[in-house]
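Below is one structure, written out as structure tokens; the observations come after it.
Remember, it's 1-based here, ligands and their atoms both numbered in the order they're listed.
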Amino acid sequence: MTVLVLGGAGYIGSHTVYELIEKGEDVVIADSLQTGHIEAVHPKARFYKGDIRDIDFLDELFKKEKIDSVIHFAANSLVGESMTDPLKYYDNNLYGTMVLLKSMVKNGIDKIVFSSTAATYGEPENIPILESDRKEPTNTYGETKLAMEKMMKWVSKAHDLRFVSLRYFNACGAHKSGKIGEAHEPETHLIPLILQVPNGRREQINIFGDDYDTPDGTCIRDYIHVTDLAQAHILAVKYLQNGGESDIFNLGNGVGFSVKEVIDKARKVTGHPIPAVISPRRAGDPAQLVASSEKAKQILGWKPEHYDLEKIIASAWNWHKNHPFGFAKK
Ligand code: UDP
């Protein structure tokens, strides 16, 4: 059965394609290459360049390929950018998903697994966070993802379509082959930015605030390996194929690390002193985000394999030290 991966040239999308192909699945990728990389496209996947906001592109794709399920990663995901250019996020994330659902309904495609985020919660009321906890996003990115979930909910009530929404915490690490990894331009995520220091691309890492209500004053996050996220998508597709109801799941390790702890682990992994400088807080950052993923473990049978943050950072370093400029050759 063929799986369509929208955004399969991006970070989490490309890792999911690698895992699907390793499991012998037939994979079609569609990606606009706006932020994705052609080099990240698995050679065994059939690739189509196009934008999910283009309904003719999607209709033709669904007519040409016999798609059983869709995994939807095609979205913008930079929190800071979402605050300065909110309409870009409403357009690509929300309107793009609306066009996609229209085309899926029209073409009788009835299963979709899609990327959501811990940013849907905003400032959490409890740690670890449960799926049913309050959702009040503090940035446009999280708001558009929450709106995407709600759109799926209402569409699934009206039409023959079921969805699984996966709320990721902090995706990190890279594929064991060393062929693909994280490559955003501009980069805004903590671990790749830290690793730019030993790579000689930056002098220091800035710690965004050390006056949070946490033990060392820096923000706490739940770091989850990208391959574990990829496995969850595959399990979610199987769950829908087996008749599972539409549902929403958190994906994290359930253990929080502060920004200072992450930097310390990166020092150990790389052997570089990695100078760190305290700088002002970044707007919209909650003090602590740690997932309860019990629901995904129980219902999807998800078993994340990468618990040790040092090993996760080592897998990221294995990619970044050999690709200091990502996929670009500079
Ligand atoms: N962070 C930081 N310095 C940086 C980048 C990020 O201190 O140069 C902090 C950020 O404030 C947050 C954590 O690292 O508390 C993780 O940020 P990231 O952007 O990687 O992921 P997010 O939690 O925003 O999804």
Side-chain angles (χ1 to χ4, degrees), residues 10-12 35 73 75-84 89 93 115-124 127-129 135 137-146 166-174 181-199 201-226 229 250-267 274-291 309 312-313 316-317 319-320 326:
Y11 174 43
I12 306 172
T35 53
F73 297 98
N76 292 112
S77 63
L78 302 179
V79 169
E81 183 189 57
S82 83
M83 298 301 278
T84 53
Y89 282 70
N93 297 3
S115 320
S116 186
T117 167
T120 52
Y121 295 105
E123 199 62 57
I127 294 290
I129 302 172
K135 283 160 279 297
T138 51
N139 53 62
T140 316
Y141 167 62
E143 190 72 50
T144 57
K145 288 283 177 168
L146 185 58
L166 299 174
R167 292 188 185 138
Y168 320 145
F169 283 62
N170 288 60
C172 55
E182 194 165 3
H184 299 115
E185 206 53 62
E187 189 51 77
T188 64
H189 293 115
L190 180 64
I191 293 176
L193 283 175
I194 293 173
L195 295 176
Q196 284 184 0
V197 181
N199 256 343
R201 283 192 65 187
R202 64 173 54 235
E203 293 288 310
Q204 64 189 45
I205 183 75
N206 296 314
I207 297 176
F208 296 152
D210 70 346
D211 56 352
Y212 285 94
D213 184 16
T214 60
D216 68 15
T218 65
C219 287
I220 291 178
R221 293 289 181 273
D222 181 338
Y223 294 89
I224 177 78
H225 197 282
V226 64
L229 292 180
N250 284 342
L251 298 178
N253 262 326
V255 183
F257 290 92
S258 73
V259 173
K260 282 187 177 167
E261 286 173 326
V262 176
I263 296 168
D264 270 343
K265 300 234 177 253
R267 288 180 179 132
I274 311 184
V277 173
I278 307 296
S279 37
R281 287 184 176 199
R282 186 173 68 178
D285 268 344
Q288 230 188 116
L289 291 173
V290 178
L309 185 60
I312 296 179
I313 294 175
W317 181 228
W319 157 256
H320 288 288

Query raised in the report: By salt bridge (charged side-chain N to carboxylate O under 4.0 Å, His left out), which residues pair with Arg281, not counting sequence neighbours?
Result: Asp211
Report summary line: CH2 (Trp319) and CG (Leu195) are apart, to the nearest 0.5 Å, by 12.5 Å
**Report entry** Backbone of Val255 reached by a side-chain donor or acceptor of Asn253 within 3.5 Å
**Finding:** no
Requested in this report: With a 4.0 angstrom cut-off on heavy atoms, strictly below it, pick out the residues next to ligand 1 and order them by chain and number.
Outcome: Asn170, Thr188, His189, Leu190, Leu193, Ile205, Asn206, Ile207, Phe208, Cys219, Arg221, Tyr223, Val259, Arg282, Asp285
Requested in this report: Taking atom types as modelled, find out whether Glu81 and Tyr141 have a side-chain donor-acceptor pair closer than 3.5 angstrom.
Outcome: no
Report task. Specify whether Tyr121 and Phe169 have parallel, tilted or perpendicular ring planes, treating 30° as the upper limit for parallel and 60° as the lower limit for perpendicular. Result -> tilted
Query raised in the report: Just wondering, do Pro124 and Leu289 contact through their side chains at under 4.5 Å, heavy atoms?
Result: yes
